[in-house]
Amino acid sequence: MNCQILYFATLQTEADKTQENFSIIENSAQTCADVYQTLKKRYQFSLSTEQLRVAKNHSFCEWHDEISAGDTIAFIPPVSGG
Amino acid sequence: MFTLAKTEINADKLKQRLQQDQCGGFCSFEGWVRNHNDNKAVDYLAYSAYEELAITQGNAIVKHSLETYDIKAAACVHRIGTLQIGDMAVWVGVSAAHRNDAFLACRYIIDTLKADVPIWKKEFYSDKQVPNWLANPENLHQ
């Protein structure tokens, strides 16, 4: 029961990867926030959930949204387009 | 419509696509890579994007501009990849019957893009300091 995690910008640098699979069961994760907290500890991410947005399956979602096997979760650092 | 471009933006071609006989006003914005930021000399930039979401969000912004302002057509293109000083990073164009809403819609599109679209800029410095991921002050959600 995996979901795919996408990393961008600062988080990509800190995780030293652009994406990875994440086991929902092994990590006891139910929500997007659960996923991030596990990964934040693992990689010592410098950004908190207050500084990020989260997307599920290529749409913005809420941190308390539940995750399912096969979901793609992306953590969105403060953007800098333009 | 909103698109991401991996090669040089052709502003003339984009403008031609927005020209319509019923339009008397055209407004465009071009964002160029400049050679300094925050008192540091910049060598070049690298733009990256969450492409699926950037395109969805960018198209939503252009669509909202067409619904909100009295304009006939609008388009926006943003580069991704490595850009050198003077390169065009983003192009916004709006055509309308009259200039007022063309100006307003153009401003709306670039301001909202800078706040909301998942595109990131990394600066590389002339003095070889550690490259820096930037964050726009326009971010609405942070």
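To find a chain, count down the sequence lines: A is the first, B the second, and so on, and within it residues start at 1. Because the structure is a prediction, the values reported are computed rather than measured.
Atom CD of A:Glu66 has 12 or fewer heavy atoms from other residues, nucleotides or ligands within 6.0 Å. More than 12 non-hydrogen atoms from other residues, nucleotides or ligands lie less than 6.0 angstrom from CD of B:Glu67. Within 6.0 Å of the CD atom in B:Gln129, the count of heavy atoms belonging to other residues, nucleotides or ligands exceeds 12. More than 12 heavy atoms of other residues, nucleotides or ligands sit less than 6.0 Å from atom NZ of A:Lys40.
Distance CZ/A:Arg53 to CG/B:Asp116: 5.5 Å, rounded to 0.5 Å. Atom CG of residue B:Leu53 and atom OG1 of residue A:Thr72 lie 12.0 Å apart, to the nearest 0.5 angstrom.
Neither the backbone nor the side chain of B:Ala54 comes within less than 4.5 Å of any heavy atom of chain A. For A:Ala9, the parts lying near chain B are the backbone and the side chain together; criterion is any non-hydrogen pair under 4.5 Å. B:Tyr50 touches chain A through backbone and side chain together, each having a heavy atom under 4.5 Å away. Using a 4.5 Å cut-off between heavy atoms, B:Lys121 touches chain A through backbone and side chain atoms alike. Looking at B:Gln57, only its side chain comes within 4.5 Å of chain A, counting heavy atoms on both sides.
By the criterion of side-chain heavy atoms lying less than 4.5 angstrom apart, applied directly or through intervening Ile, Leu, Val, Met, Phe, Trp or Tyr residues, B:Ile109 is grouped together with B:Ile80 in one hydrophobic cluster. Linking ILVMFWY residues whenever their side-chain heavy atoms come closer than 4.5 Å, directly or via other members, leaves B:Ile119 and B:Trp91 in distinct clusters. Both B:Val90 and B:Tyr108 belong to a common hydrophobic cluster when Ile, Leu, Val, Met, Phe, Trp and Tyr are linked at side-chain heavy-atom distances under 4.5 angstrom. No path of Ile, Leu, Val, Met, Phe, Trp and Tyr side chains, each step under 4.5 Å between heavy atoms, connects B:Tyr47 with A:Tyr7, placing them in separate hydrophobic clusters. When the side chains of ILVMFWY residues are joined at heavy-atom separations under 4.5 Å, either directly or via intervening members, B:Val33 and B:Val92 end up in a single hydrophobic cluster.
For A:Ser80 and B:Trp133, the side-chain atoms include no donor-acceptor pair closer than 3.5 Å.
Side-chain contact between B:Lys114 and A:Val79 is absent, with no heavy-atom pair separated by less than 4.5 Å. The shortest distance between side-chain heavy atoms of A:Leu6 and B:Glu52 does not fall below 4.5 Å. With contacts defined as side-chain heavy-atom distances shorter than 4.5 Å, the pair B:Trp120/A:Pro77 qualifies.
For the pair B:His78 (side chain) and A:Gly81 (backbone), a donor-acceptor distance under 3.5 Å is absent. The main-chain N or O of A:Pro78 is never found under 3.5 Å from a side-chain atom of B:Asn136 such that the two would form a donor-acceptor pair.
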